[in-house]
Each structure stands twice: as structure tokens, then as C-alpha cells.
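A, B, ... follow the sequence lines: proteins, then strands. Residue 1 opens every chain.
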There are 2 protein chains.
Amino acid sequence: MSNFSACAVCGDQSSGKHYGVSCCDGCSCFFKRSVRRGSSYACIALAGNCVVDKARRNWCPSCRFQRCLAVGMNAAAVQEERGPRNQQVALYRSGRRHAPPSQAPPSPTPHSQALHFQILAQILVTCLRQAKANEQFALLDRCQQDAILQVVWSEIFVLRASHWSLDISAMIDGCGDEQLKRLICEAHQLRADVLELNFLESLILCRKELAISAEYAVILGSHSNAALISLARYTLQQSNYLRFGQLLLGLRQLCLRRFDCALSCMFRSVVRDILKTL
Amino acid sequence: MSNFSACAVCGDQSSGKHYGVSCCDGCSCFFKRSVRRGSSYACIALAGNCVVDKARRNWCPSCRFQRCLAVGMNAAAVQEERGPRNQQVALYRSGRRHAPPSQAPPSPTPHSQALHFQILAQILVTCLRQAKANEQFALLDRCQQDAILQVVWSEIFVLRASHWSLDISAMIDGCGDEQLKRLICEAHQLRADVLELNFLESLILCRKELAISAEYAVILGSHSNAALISLARYTLQQSNYLRFGQLLLGLRQLCLRRFDCALSCMFRSVVRDILKTL
DNA sequence: TTCGGTCAAAGTTCAGG
DNA sequence: CCTGAACTTTGACCGAA
């Protein structure tokens with residue numbers, strides 16, 4: 001009981017300093033809500049001198065709030081509301097509670113960034129569609145396809161985007177993601193031709209570690225081998241096995257590490273939705 | 001006002017460079033925590049373009065984190081969690097805040113797990129020593145060697161451990177890390193022989209993306225090509241180019257994702273210390 | 001200088017009033 | 001609705017190399 005400290009507002013046990021004043025959780029929370037909502041209360045008794053103690057603090061919000069101010073609680077220390085922690089519910093929650101925090105939702109430069117995001121998302125959709133049309137991949141069940149694409153979408157994206165027919169380097173630069181830029185630049189140096197790209201795509205899409213069943217492991221393994229043989233034949237007749245090896249080594253660096261790339265974070269949540277529509 | 005520098009993430013007053021970027025304490029700390037915990041956020045507005053400024057940086061962790069990555073903050077620079085500064089307190093700290101970081105006595109079946117950990121650490125040391133003795137890798141400067149090993153140690157470990165001469169499967173099972181077990185089991189299926197293992201090791205150790213300078217990029221590239229050619233010649237004379245391709249594809253799956261594997265977390269902090277002693 | 005950890009004081013959540 | 005106990009996250013500050 002030695003370190004008992006009283007709430008400056010109501011005399012209850014204080015739980016530490018809040019907004020500059022030693023007070024209890026209740027008064028701290030009450031003060032925060034009042035400031036956030038900009039509540040303006042009227043005294044129940046009209047006199048403005050109600051007693052504010054532990055037992056009666058909820059009787060008159062007006063006098064409680066006056067007392068908060070009187071003991072020096074600092075309204076400026078109340079912060080901006082944060083986003084809901086329970087993400088899923090966000091959209092469907094009651095009305096205006098979770099309107100974007102401030103008046104100016106998209107403010108300084110997000111416009112051009114959002115534009116680049118949109119265009120890159122279009123490219124992603126195209127890549128996924130192309131993947132679904134892949135000769136060997138298309139034979140798989142949809143749920144196996146989706147299970148694979150959820151993991152490898154980013155590899156497909158980097159592979160295809162780094163060899164896009166139009167020049168999208170301005171887009172890559174513009175989205176401001178240095179890591180992505182570096183990855184695409186590295187992948188670009190492979191300078192794979194159309195057929196090579198298709199074979200590499202098959203190798204990405206048919207990883208047997210991503211099989212959802214033992215049967216699929218066998219199927220994916222044989223698809224993978226087929227793609228490997230095709231790629232080998234093709235490159236050996238074009239150049240030599242060094243090229244073959246380099247292309248395969250190139251696959252290693254397509255994988256966006258979980259935290260290395262902003263775009264990866266942005267798109268991950270989008271991919272599932274895109275897959276539903278394909 | 002003369003030496004004011006803005007946080008690249010939120011525009012607040014910067015407190016210096018953190019993880020490669022000039023930013024404020026808040027964003028630096030936020031980035032560190034996010035990477036450590038492996039947080040995967042979803043944008044609250046779902047659009048991924050929330051404003052991130054001083055007042056609103058706490059509205060949407062997802063967009064804040066994306067912005068951290070976009071401005072180039074380096075997740076690899078976030079180090080392993082260390083123990084509490086106050087060692088005595090370590091054991092008695094409040095309950096389930098986090099899994100015991102590394103050294104702290106593992107609670108459930110401490111004795112046998114610690115033993116397995118010790119033995120696996122021995123294997124890791126052996127792997128790293130072997131890597132340092134790699135013919136081509138040994139020619140590099142020490143700082144380039146260390147820069148590479150800090151990244152690829154886990155790949156080397158999985159490659160070598162999956163083909164260990166003694167049967168260490170009991171050790172792998174015993175450490176209770178399912179991810180590691182799966183990875184090693186997959187890698188084991190490559191059934192590479194001693195020479196193949198050496199060539200694969202060279203390919204892991206000589207990734208030119210990990211070069212610390214342009215000169216090294218060239219050197220590593222040529223070492224990598226040399227290893228590729230040797231491996232090709234060897235496998236083609238033993239079997240055929242399907243085998244060559246499969247071995248190279250196998251490299252993809254050696255990589256322990258940063259947060260997917262308990263052992264990875266355990267060892268990461270140890271690797272630096274081991275490297276110093278080699 | 002830039003890592004690391006710390007902990008008071010912000011925040012949110014959600015039964016129960 | 002509103003309240004407030006329980007829990008999480010933030011960031012200013014400090015020590016170490």
C-alpha cells in the first residue's frame with residue numbers, strides 16, 4: 001500500500017500518469033473518448049459542482065470532464081485514432097466509426113504512386129492469367145493451381161515483368177520500391193527469350209514441394225522434368241549448357257523475400273482476390 | 001532548423017540513419033519490431049495507399065511498413081533479438097511475452113533439446129569451416145566471404161546436413177523443428193554425391209548478387225560459371241542433363257526463409273560469432 | 001554512429017453495466 | 001449506447017561497440 005497513488009480526478013487508485021496527470025484507467029479512458037469525440041456535456045444538476053469521486057464519477061460526465069481539465073489533463077496528448085486491429089471487420093463495421101482519419105485521405109504524392117500500383121497490378125493480373133494458361137499447369141485441379149500461385153505469384157511476376165515487351169522501367173522506378181527495382185534489374189540480365197521464359201515459368205509453376213497430395217507430387221515432378229528437358233534441348237541447340245545452368249540459377253533470385261519488398265507486401269493480400277476472378 | 005532532417009518514412013524529425021535510411025526513432029523501432037516478429041499486416045483501407053505522416057503513421061501499420069521498405073529500409077540489417085540487458089531478470093520476466101530468444105533455457109524438454117541444439121551447432125561449424133575451405137571461395141577477401149556466409153549459411157547447412165555421412169536424422173527429429181525436418185528431407189532426395197555436393201556448394205557460395213563491389217560481381221560470376229561447367233561435365237558423364245537440371249532446381253529449396261524455421265532463428269545470432277572464430 | 005533494450009504512456013478490445 | 005480492466009504498441013531515451 002506504500003506506493004498507492006490517488007487519481008487526481010476521482011481519488012480512485014491511480015494506474016500511472018495519463019495525459020500529464022496521475023489518474024485511474026477509467027478517468028484516462030473517459031478523457032480520451034471525450035476529447036476524440038469532441039463531446040460537449042451539460043451538467044446534470046446544472047450547477048457544475050457535482051462531486052467527482054470513485055462512486056459518483058459516472059453520475060455527471062460534464063463535471064467529470066471539467067475536473068479532468070481542472071487537474072491539468074492535456075487534451076493535446078490524445079492521439080489520432082488508429083486503425084482497427086481486427087482487420088477483417090474493418091469494412092463492415094458500423095457506419096462512420098472508421099472513416100479514414102483525416103479529411104485529406106490521399107494527400108501529397110500518393111496519386112502517382114497509386115497509379116503505378118494500379119498499372120503494376122494490371123501486369124500482375126496478366127501474369128497470373130498467362131500462368132493459368134500454361135500448358136502443363138492448366139491440367140491441374142484448380143485448388144492445386146491456387147495453392148501454387150499463392151506462393152509463387154511473385155516469382156512469376158518478377159520473371160515476366162523483367163522481360164515485359166513494353167518498357168515499364170518508368171513504372172518500376174516510379175513505384176519507389178528499391179528492392180523490387182533491383183530484383184527486376186537482376187532478372188532482366190538473364191535476357192531470356194520467349195521460349196526460355198515459358199520453360200522457366202513451367203519450372204516455377206510445377207514445384208513438387210508445393211503439391212497438395214502425394215499424387216500431385218508425382219505429377220508435378222514429371223511436369224517439372226519435362227520442362228527441364230525442353231529447356232535443355234532448346235538452350236543446348238541455341239548455345240550451350242552454361243546458358244542452361246545460368247537460367248536455372250536465375251530462378252533462385254526471383255523469389256521476393258518476405259520482407260524485402262514493399263510491392264510484395266502490397267500485393268500479397270490482393271493476390272487471393274485476383275485468383276478468385278480468374 | 002539548420003540541421004533538421006526529415007524521416008524518410010513519415011516526415012517527422014529524423015534521429016539519424018537506421019537500417020540504411022534516415023528516419024525517426026518511431027519508424028526505426030516499428031520496422032525493427034515488424035521484422036523481428038515477422039508481422040504480416042493487411043492494409044486497413046485495403047487500397048494500400050494510406051497516408052503515412054507524423055500524425056497518421058499509426059493509422060495503418062501495413063502502409064507504414066510498406067513505406068519503410070519502399071524508401072529502402074533493409075530488413076537484413078535487423079539483428080537477432082538479444083537477451084534482456086539485465087541478465088538476472090531474464091528468467092523471471094513476465095510470462096509469455098516471447099519465445100525464449102535463444103540461449104535462455106528452453107522450458108519444455110530442455111535437456112534433450114539443448115543437446116540437439118549443441119550437436120547441430122557443431123555440424124554448422126563444420127559446414128562453415130568446409131565452406132571456407134572451398135577452393136574458389138577461399139580466394140575471396142575475408143570481408144566478402146563473411147558477407148556471403150551471413151546470408152547463405154543456412155543453405156550450406158541444409159545441403160550438407162541432408163547429406164551427412166553419419167545418420168543424424170534422430171538429431172533433426174529431436175530438435176522438434178518441423179520446417180527444418182521437411183527441408184532436409186526434401187534436400188536429401190537429391191541424393192547428391194560428394195563431387196556434386198562440392199559443386200553445389202560453390203554455386204551457393206559464389207552468388208554474384210551478394211558481391212560487395214562491382215569487381216567482386218565479376219569474380220563471383222566467373223567462379224559461378226566455372227562451377228556450373230564443372231557440374232555439367234560431371235553430371236553429363238555420369239547421367240544426363242536432366243540430372244544437371246534437377247540438381248540446380250534443388251538449390252531453390254535449400255533456402256530457409258527468415259522466419260519459417262526455428263533453427264534458423266536460433267542459429268542466426270550464433271553465426272556471426274562462429275564466423276569470427278574461423 | 002547506429003545497433004540494441006527498456007518501460008511509461010499512448011493505443012485498442014470487449015464483457016458487463 | 002458508455003465504462004474500465006486487460007492487453008498491445010509506440011517511441012523517447014540510454015548503453016554498447
Side-chain angles (χ1 to χ4, degrees), chain A residues 5 7 9-10 12-37 39 41 54-62 64-65 73-90 93-95 97-98 101, chain B residues 5 7 9-10 12-37 39 41 44 54-62 64-65 73-87 89-90 93-98 101-102 269 272-273 276:
Chain A
S5 158
C7 167
V9 177
C10 72
D12 194 2
Q13 163 85 259
S14 150
S15 68
K17 282 204 171 195
H18 300 280
Y19 310 106
V21 167
S22 171
C23 63
C24 67
D25 278 334
C27 290
S28 133
C29 232
F30 170 78
F31 183 72
K32 175 183 66 190
R33 281 192 294 258
S34 301
V35 171
R36 286 252 179 86
R37 286 194 302 239
S39 318
Y41 307 108
K54 182 177 180 184
R56 283 169 282 184
R57 65 191 179 200
N58 285 322
W59 178 252
C60 176
S62 170
R64 189 185 193 181
F65 189 61
M73 290 179 80
N74 174 17
V78 175
Q79 301 175 359
E80 191 89 43
E81 186 178 5
R82 298 179 184 175
R85 228 159 14 197
N86 239 352
Q87 301 136 351
Q88 298 296 11
V89 200
R93 282 291 284 274
S94 62
R97 236 195 90 192
H98 294 304
Chain B
S5 158
C7 167
V9 177
C10 73
D12 194 3
Q13 164 82 255
S14 150
S15 69
K17 281 205 171 194
H18 300 281
Y19 311 107
V21 166
S22 170
C23 63
C24 66
D25 275 334
C27 291
S28 136
C29 225
F30 170 77
F31 185 71
K32 176 179 67 184
R33 281 191 297 258
S34 300
V35 172
R36 285 247 183 88
R37 288 196 300 235
S39 315
Y41 305 110
I44 288 176
K54 184 182 177 181
R56 284 168 282 183
R57 65 191 177 199
N58 284 321
W59 171 255
C60 176
S62 169
R64 188 186 194 181
F65 188 62
M73 290 179 83
N74 176 16
V78 175
Q79 302 172 2
E80 178 61 21
E81 187 169 1
R82 300 174 184 171
R85 230 168 7 212
N86 208 347
Q87 297 152 341
V89 194
R93 278 294 293 274
S94 63
R96 49 162 198 75
R97 228 193 87 194
H98 219 77
S102 50
S269 56
R272 182 188 306 222
D273 297 330
K276 282 182 194 152

**Prompt:** Roughly how far, to the nearest 0.5 Å, is the CD atom of A:E80 from the NZ atom of B:K54?
**Reply:**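 Here the interatomic distance stands at 12.5 Å.
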
**Item:** Spacing of B:F31 atom CZ and B:C23 atom SG [to the nearest 0.5 Å]
**Value:**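 Reported value, rounded in 0.5 Å steps: 9.0 Å.
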
**Request:** Answer whether the closest heavy-atom distance between the side chains of B:R57 and B:C24 falls below 4.5 Å.
**Result:**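 A side-chain contact exists here, since the closest heavy-atom pair is under 4.5 Å.
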
What nucleotide, of [options], holds the atom closest to the side chain of [X]?
| X | options | value |
| --- | --- | --- |
| A:R57 | D:dG4, D:dT9, C:dT13 | D:dG4 |
| B:C29 | C:dT2, D:dA12, D:dG4 | D:dA12 |
| A:K17 | C:dG4, C:dA9, D:dT10 | C:dA9 |
| B:N58 | C:dA10, C:dG4, D:dT10 | D:dT10 |
| A:R82 | C:dG4, D:dC2, C:dG11 | C:dG11 |
| A:R85 | D:dT3, D:dG11, D:dT9 | D:dT9 |

For the pair made of [atom1] in [X] and [atom2] in [N], what is the distance, rounded to whole Å?
| X | N | atom1 | atom2 | answer |
| --- | --- | --- | --- | --- |
| B:F31 | C:dT2 | CZ | P | 15 Å |
| B:H18 | D:dG11 | NE2 | C1' | 11 Å |
| A:F30 | C:dT12 | CZ | C1' | 19 Å |
| A:W59 | D:dT3 | CH2 | C1' | 16 Å |
| A:D12 | D:dG4 | CG | P | 9 Å |
| B:M73 | C:dT2 | CE | P | 12 Å |
| A:Q13 | D:dG4 | CD | P | 15 Å |
| B:Y41 | D:dT10 | OH | C1' | 11 Å |

**Message:** Looking at the base of C:dG11, is there any donor atom on it, or on the side chain of A:R36, that sits under 3.5 Å from an acceptor on the other one?
**Reply:** no

**Prompt:** Going by modelled atom types, is there a donor-acceptor pair between the base of D:dG4 and the side chain of A:K32 at under 3.5 Å?
**Reply:** no

**Asked** Would you say a side-chain N or O of B:Y19 is under 4.0 Å from OP1 or OP2 of C:dG4?
**Response** yes

**Under 4.0 angstrom between B:R33 side-chain N/O and D:dT10 OP1 or OP2** =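 Looking at the OP1 and OP2 atoms of D:dT10, one of them is under 4.0 Å from a side-chain N or O of B:R33.
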
**Message:** Using a 3.5 Å distance criterion without hydrogens, assess whether the side chain of B:R64 forms a donor-acceptor pair with backbone atoms of B:W59.
**Reply:**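 Looks like no, no N/O pair under 3.5 Å.
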
**Asked** Where the side chain of A:R56 meets the backbone of A:C10, is there a donor-acceptor pair that is under 3.5 Å apart?
**Response**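 Not at all, since once roles are kept as given, no pair shorter than 3.5 Å links the two residues.
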
**Request:** May I ask you to say what B:D25 touches in the nucleic acid, namely base, sugar-phosphate or nothing, with a heavy-atom cut-off under 4.0 Å?
**Result:** base

